[in-house]
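None of the values given here were measured: they were computed from a predicted structure. Note that ligands are numbered from 1 as they come in the structure, with each ligand's atoms numbered from 1 the same way.
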Amino acid sequence: MYESMREARIFPSAISHNVAALHRAAGSEEAMVVVKADGYGHGIVTAARAGLDGGASWCGTADISEALTLRDAGITVPILAWLVGPDSPVDAAIAADVDVGVSSVEQLNQVVSAASVRKPATIQLKIDSGMGRGGATEAEWGHLFAEAASASNSGHVRVRGIFTHFAQTSADSDKTQATAFETAIDGVRRAGLEPEVIHSSSSTPSIRTPEFAHSLVRLGVSAYGVAMVPEHRSVGLQPAMRLAGQVIQVKRLPAGHGVGYDHTYTTTTDTVTAVIPLGYADGIPRLASSVGPVSIGAQRFTIAGRVSMDQVSVDVGDAHVQRGDWAVFFGDPGNGEPSVSEWAELASTIPYEILTGVGSRVRRVTQ
Ligand SMILES: Cc1ncc(COP(=O)(O)O)c(C=O)c1O
């Protein structure tokens, strides 16, 4: 049961537009819309359908259960899920034709034991080309490729792809990884495997270094309208979420009155504050206390004092603000609203955390 006073408005047409424009700019054969973490907070099925409408031919998830949610919603395109835990539902992935990302021989064995010759698993080998997070390290490639070739020969798996992920420290560091990835691709071919899909680039490398992309790009945050590098600006990205709360109280306070926990903000004149029911439980970072921007009507204000669990106050001075007005925390900077990136910077974080942090109490309204 949602209260209507908190709202994240979702614009699927923006996701479709962004995916089409980013895919065009990347110049890759195919695009994957990455919809993990509930479609970066936009709703996993909404985001997937919108990305597919924009020309993506794949969906990407972290968890297998996320991929199964897409299948349950009737999405039939290829899906890759790249995180596999010891108890992940690999058997359900195989039954639902979900590609499983395999990062180690241990994971390969787990998948093989859930597969059969009658129903082989489709896998993609995840290569650690230097990021140092998930994926098989160079020392493990030979063993992994040999075991994958053997499982392929026995008919238990089909090795559809090989992929890596860039650390994105710089274009140069990505180049070093791209070179290591080429060595891995040569290795997998020498083991007798011929992967159909080869991919490495998420939002930033897909546009900063399109020459590293191979056959498809994996579009996450940029598909939701966030520009991560200057190259994204020329793409014309459209924000896919507007987060807003309704003013629930307007009150007059005298000069010198503290506002909120610890009284970290004090009114300087006789003024009016507006109380808005979005707080850190809804994903508003507490680090944005006294700096987070909010727009009401055509005017911009700043959060006054601490972000509480469920609410914030804004000093609106003489502005004409009434109970029931909508306060936009982030939306379309083209309309003067604060952007996700602005919020991230002010709260010392990244846009990903702002988008995925929008809480479950916030009603998603799909436009
Ligand atoms: C393997 C992989 N590919 C693609 C993405 C999408 O990244 P981005 O949102 O930067 O496009 C992620 C997200 O972290 C990822 O882990």
Side-chain angles (χ1 to χ4, degrees), residues 14-15 18-23 25-26 28 30-42 44 47-48 50-51 54 56-64 66-67 78-85 98-104 107 123-136 161-171 173-174 177-178 181 184 197-210 212-232 235 237 239-241 340-341 344 349-357:
I15 299 174
N18 296 335
V19 167
L22 289 158
H23 186 192
S28 57
E30 291 188 282
M32 170 187 288
V33 59
V34 178
V35 296
K36 61 197 173 113
D38 200 23
Y40 289 51
H42 296 68
I44 185 166
S57 47
W58 280 82
C59 292
T61 65
D63 295 7
I64 289 173
E66 295 174 321
I79 304 174
L80 169 64
W82 52 73
L83 290 191
V84 183
V98 169
D99 287 26
V100 178
V102 164
S103 294
S104 64
Q107 288 180 10
I123 65 166
Q124 299 201 23
L125 300 171
K126 184 165 186 202
I127 300 305
D128 181 355
S129 56
M131 183 172 174
R133 193 182 61 175
I162 181 167
F163 70 109
T164 194
H165 193 50
F166 292 122
Q168 302 162 57
T169 314
S170 66
S173 77
D174 290 353
Q177 281 192 244
F181 187 43
V197 277
I198 301 179
H199 49 110
S200 51
S201 297
S202 55
S203 292
T204 290
S206 75
I207 189 124
R208 185 167 67 184
T209 45
F212 302 156
H214 293 279
S215 60
L216 80 87
V217 288
R218 302 189 301 266
L219 302 172
V221 77
S222 55
Y224 303 100
V226 176
M228 294 303 295
V229 279
E231 290 87 341
H232 275 139
V235 176
L237 297 175
M241 186 190 297
V340 177
S341 301
T349 184
I350 51 173
Y352 300 74
E353 195 175 26
I354 300 291
L355 286 176
T356 59

In sequence, state the C-alpha distance, the side-chain angles, and the governing distance for His214 and Phe163, and then conclude on ring pair (Phe, Tyr, Trp, His ring centres under 6.0 Å). CA-CA 10 Å; His214 293 279; Phe163 70 109; over 10 Å; no
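- Taken from CG in Leu237 to OG in Ser222, the straight-line distance is 6.5 Å, to the nearest 0.5 Å.
- Note that CZ of Arg208 and CE of Met228 are 10.0 Å apart. Values are rounded to the nearest 0.5 Å.
- When every heavy atom of Gly220 is checked against every heavy atom of Val34, the shortest pair comes out as CA-CB, 3.8 Å.
- A tilted orientation is assigned to the rings of Tyr352 and Tyr40, their planes being inclined by 30° to 60°.
- The shortest non-hydrogen separation linking Phe166 to Ser201 is CE1-OG, 3.7 Å.
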Once you restrict both partners to nitrogen or oxygen, which atoms of ligand 1 have a protein partner under 3.5 Å, and how far apart are they?
residue, atom, partner, partner atom, Å
ligand 1, 3 (N), Arg218, NE, 2.8
ligand 1, 3 (N), Arg218, NH2, 3.4
ligand 1, 9 (O), Tyr40, OH, 2.6
ligand 1, 9 (O), Val221, N, 2.7
ligand 1, 10 (O), Tyr352, OH, 2.6
ligand 1, 11 (O), Ser203, N, 2.9
ligand 1, 11 (O), Ser203, OG, 2.5
ligand 1, 11 (O), Gly220, N, 2.9
ligand 1, 14 (O), Lys36, NZ, 2.7
ligand 1, 16 (O), Arg133, NH2, 3.3

